[in-house]
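This report concerns only the one structure given below.
Whatever order the structure lists them in is the order used to number ligands and atoms, beginning at 1.
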Amino acid sequence: MKSVSILGATGSIGQSTIDLIARDPDAYRVVALTGGRNVRQLAADAQRLGAEIAVAAHDDAFGELSTLLAGSGIEVAAGRAALVEAAARPADWVMSAIVGSAGLEPGLEALKQGKTLALANKESLVCAGRLLLETATAHGATILPVDSEHSAIFQALVGEEMASVERVIITASGGAFRDWPMDRLRTATLAEASCHPNWAMGQRITIDSASLFNKAMEVIEAHEFFGLQASQIEVVIHPESLIHSLVGFADGALMAHIGPPDMRHAIGYALNWPQRQHLPVERLDLARIATMTFRSPDEARHPALRLAREVMEAGGLSGAVFNGAKEHALDAFIEGRIGFLDMATVVEAVLERLSGEDLGAASMDLETVLHADTSARREADEAINRLRLRAHA
Ligand code: NDP
């Protein structure tokens, strides 16, 4: 029986993970489930799966969670420290599916148990790739990618030598606005940016898909996780979202991973690795699909990909700055304080502003990463205020 914990159990990835685990209850013992504001969902899943402990991320949720789980025998806790402690509980397999840099510390704690971390939280790798990989090595832990693109690359690399890899091609659906003209993007609303054409995901990653910030994060994630140079990573728009990524080898061969746009594939692959087991995902009928299309991304419309290359060149803590600024700009867009295109303007301004701080050479531990994250959010706030002042002038 495999012991599992799910960090971010109430979110889109967390719920898909629970869907797979609940189909085979005798195969799993659930240790910890963590959530944020959706305390009812957390309590219901903890009961359904017989979890040892349920943890809500915010202190003020303790009372409600305790009431909901009273008499169940399930331990209840709330707050940041409790969440990090729950991540450190021994489990064979931990899903890291908290959204944002808030997922970094719990992920690091899980790695210290020396088991397997299934990593959906791409922000961890963008902010602190080196720290994450070094922690895994130091504790004999395994990180398995869950982002569909990185799972696809990981699967295409089985049995291959990294030395024979020429390039990877990361596919992008293009998000909600892939066919929108530039002037319409300026006035894009939150509701419009929150609808993905192919994937059902959390709101934040859906908006990041529309701005291509999600793809920029994935490029940095591939650079960190697979040790690829920026020049080896290409992005292609593939509106059908059927090819999840490709690896190009020295002999010219391209290995593609093809499957339905259903995250339960990548989650299930990580859950069953190194074996493959039956998964409840659609089987593709290629004759019915008939065509798949590809085109180059338009970087003039979406500067996020150019910014990702700058981050990879700078290295060090610039990923933490990029992510912190992006998360803060995204909050401002969600709150209606800035427009859709302003998000990239804010991130670029923060990277420029903090580039003098020798981010590339800086040493990396949790403290320095969190400091870079905080500085980036403070600078982003100032950039947002400048934009708002200009708009009202
Ligand atoms: P969701 O927004 O759906 O879920 C996020 C989860 O994190 C929820 O459980 C949420 O709790 C919890 N949470 C939010 N804020 C905090 C916090 N400050 N501290 C602790 N927990 C918190 O996100 P997704 O499931 O879409 O994405 C999760 C991660 O996986 C992200 O890093 C994303 O980039 C990545 N990913 C997602 C994919 C997808 O298909 N959704 C695909 C590939 C990668 P609550 O909801 O209870 O408030």
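Counting only distance, with no hydrogens or angles, the side chain of H244 and the backbone of G259 share a donor-acceptor pair below 3.5 Å. Without hydrogens or angle criteria, S5 side chain to A32 main chain gives a donor-acceptor distance under 3.5 Å. Formation of a donor-acceptor pair under 3.5 Å by the Q155 side chain with backbone atoms of H257 is not found in this model.
Within 4.0 Å of ligand 1, contacts by protein heavy atoms are made from G8, A9, T10, G11, S12, I13, G35, G36, R37, N38, A57, L83, A97, I98, V99, A102, A120, N121, K122, E123, D147, M201, G202, I205, M263.
A salt bridge does not link D342 to R388: none of the charged side-chain nitrogens sits closer than 4.0 Å to a carboxylate oxygen.
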Checking salt bridge (Lys or Arg N to Asp or Glu O under 4.0 Å) for the pair D183/R186: CA distance, chi angles, key distance, verdict? CA-CA 5 Å; D183 50 354; R186 256 179 263 286; over 6 Å; no
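Using modelled atom types, one finds a donor on one side chain and an acceptor on the other under 3.5 Å when comparing N323 with E327.
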